[in-house]
Amino acid sequence: MSEHRTDPATETFVAHRNLLFTVAYEMLGSAADAEDVLQETWLRWSEVDVEQVRDERAYLVRITTRQALNRLRTVKRRREAYVGSWLPEPLLTTPDVAENVELAESVSMALMLVLETLSPTERVVFVLREVFDVSYDEIAAAVDKSPAAVRQIAHRARQHVDARRPREVVSASETRAALESFRRAYETGDVQGLLDVLAPHVVLMADGGGVKRAALRPIAGADKVARFIVGRAGKVGARVAVRPTVVNGGPALAVQLDGEFDGVIAIRVENARIAGLYYVRNPEKLTRVDSATPLTLR
């Protein structure tokens with residue numbers, strides 16, 4: 001009785017699938033779009049003569065990049081018409097993602113929002129070069145530019161990101177402590193408790209996508225944010241329950257109102273206080289918070 005064997009093309013694709021998903025997700029900020037890109041990548045890969053490919057990983061990354069770049073140009077226009085603030089799709093991540101500082105930062109809500117401000121080509125070049133350490137020659141082949149042009153794009157994108165990315169390196173324990181203080185204050189409606197843990201310049205962004213009610217614009221300042229959080233729970237008369245979780249490589253909170261799952265809040269911490277709150281309520285973006293999504297840089 002012969003053993004069932006997978007063909008070499010399929011084995012190679014499966015072996016690199018987590019990497020390809022991570023590449024596509026970091027370029028697009030959407031797991032649903034990343035999965036579509038992987039499907040397109042597989043269709044093109046299945047037509048390739050694998051024996052003629054010298055570096056299978058590089059070849060697959062190149063296909064994925066081209067498909068992601070095409071989709072990124074499309075979704076850029078779609079996001080301009082998005083109702084309210086647009087936030088990346090949160091992913092429940094495995095412990096090894098949080099332990100990998102470089103990977104955790106690259107998929108953090110804070111950095112992915114900065115990447116949204118780049119042009120599609122700048123974002124693709126930045127992700128490949130700065131996150132995945134792809135050579136300029138390989139990037140050039142993927143984006144149909146000369147290596148010299150790619151170097152210029154990478155330099156410009158790096159300057160743009162460095163000017164906007166969080167500068168302080170915060171330990172996981174410090175972040176968890178701030179999150180726990182926020183959780184207690186949120187559940188009890190303690191405005192002063194929230195003010196104690198929120199940075200004076202904190203900004204809250206909420207993403208309801210026009211499906212769930214959410215603040216249409218960012219809310220800035222500790223007093224406004226604290227009163228918005230407590231006031232919203234009081235307005236709907238709901239019993240708030242919040243449990244710790246881990247999304248995009250960092251501590252976060254899953255929120256329940258009267259026993260119903262309401263959304264996920266990711267945070268950014270500076271000087272032991274919360275400087276950024278990212279509240280995703282759009283149900284279409286909450287399909288990846290029940291089971292962990294494996295991510296990798298290799």
Side-chain angles (χ1 to χ4, degrees), residues 84-88 90 92-93 98 104-105 108-114 164-209 211-283 285-286 289:
S85 298
W86 183 94
L87 291 173
L92 181 69
T93 44
E105 189 205 6
S108 69
M109 287 280 184
L111 183 60
M112 294 196 77
L113 279 172
V114 174
R164 292 162 178 80
R165 79 198 305 172
R167 288 176 172 80
E168 184 185 5
V169 177
V170 181
S171 69
S173 60
E174 191 175 18
T175 301
R176 283 194 297 271
L179 193 73
E180 177 57 23
S181 297
F182 177 83
R183 183 192 68 79
R184 287 196 304 267
Y186 186 12
E187 284 192 331
T188 58
D190 179 2
V191 174
Q192 186 56 52
L194 288 171
L195 291 173
D196 290 342
V197 73
L198 297 175
H201 58 282
V202 63
V203 175
L204 180 148
M205 297 178 68
D207 181 343
V211 182
K212 287 282 194 79
R213 289 192 62 177
L216 295 178
R217 294 181 181 85
I219 299 171
D223 188 65
K224 288 182 179 178
V225 169
R227 296 190 187 284
F228 174 82
I229 290 170
V230 172
R232 180 179 171 274
K235 189 180 296 183
V236 298
R239 185 181 74 259
V240 178
V242 189
R243 64 173 176 81
T245 186
V246 178
V247 299
N248 290 55
L253 296 172
V255 180
Q256 285 191 330
L257 298 180
D258 283 339
E260 294 290 325
F261 178 58
D262 187 71
V264 169
I265 302 177
I267 68 168
R268 177 170 62 83
V269 173
E270 290 179 3
N271 298 318
R273 300 176 89 177
I274 295 174
L277 288 160
Y278 313 102
Y279 194 173
V280 181
R281 298 191 70 226
N282 184 349
K285 291 186 175 181
L286 296 171
V289 293

What is the distance from atom [atom1] of [X] to atom [atom2] of [Y], rounded to the nearest 0.5 Å?
{"X": "Q256", "Y": "E187", "atom1": "CD", "atom2": "CD", "value": "10.0 Å"}
{"X": "K285", "Y": "D207", "atom1": "NZ", "atom2": "CG", "value": "3.5 Å"}
{"X": "L87", "Y": "Y278", "atom1": "CG", "atom2": "OH", "value": "8.5 Å"}
{"X": "S181", "Y": "L198", "atom1": "OG", "atom2": "CG", "value": "10.5 Å"}
{"X": "E270", "Y": "T175", "atom1": "CD", "atom2": "OG1", "value": "11.0 Å"}

Where [X] and [Y] come nearest, the two heavy atoms and their spacing:
{"X": "R183", "Y": "V242", "result": "CD-O, 3.4 Å"}
{"X": "G249", "Y": "A104", "result": "O-CB, 3.7 Å"}
{"X": "L113", "Y": "W86", "result": "CD2-O, 3.7 Å"}
{"X": "G209", "Y": "N282", "result": "CA-ND2, 3.7 Å"}
{"X": "P88", "Y": "M109", "result": "O-CE, 3.4 Å"}
{"X": "R273", "Y": "A199", "result": "CB-N, 3.8 Å"}

Under the salt bridge (Lys or Arg N to Asp or Glu O under 4.0 Å) test, which residues partner D223, sequence neighbours left out?
R227
Please walk me through it: do V225 and L194 pass side-chain contact (heavy atoms from CB on, under 4.5 Å)?
CA-CA 9 Å; V225 169; L194 288 171; over 6 Å; no
Within the structure provided, determine whether P90 and N248 are in side-chain contact (heavy-atom separation under 4.5 Å).
yes
Could you walk me through whether V191 and L195 pass the side-chain contact (heavy atoms from CB on, under 4.5 Å) check?
CA-CA 6 Å; V191 174; L195 291 173; 4.1 Å; yes
Taken in chain and number order and not counting sequence neighbours, the residues that satisfy side chain to side chain contact (heavy atoms under 4.5 Å, CB included) with R281 are K212, R213, R232, D262, Y279
Just one of L253, I265, V203 clears the side chain to side chain contact (heavy atoms under 4.5 Å, CB included) bar with L277, so which one?
I265
V280 and V247: CA distance, side-chain angles, deciding distance, side-chain contact (heavy atoms from CB on, under 4.5 Å) verdict:
CA-CA 11 Å; V280 181; V247 299; over 6 Å; no
Note: E180-R184 ion pair, threshold 4.0 Å (strictly below)
yes
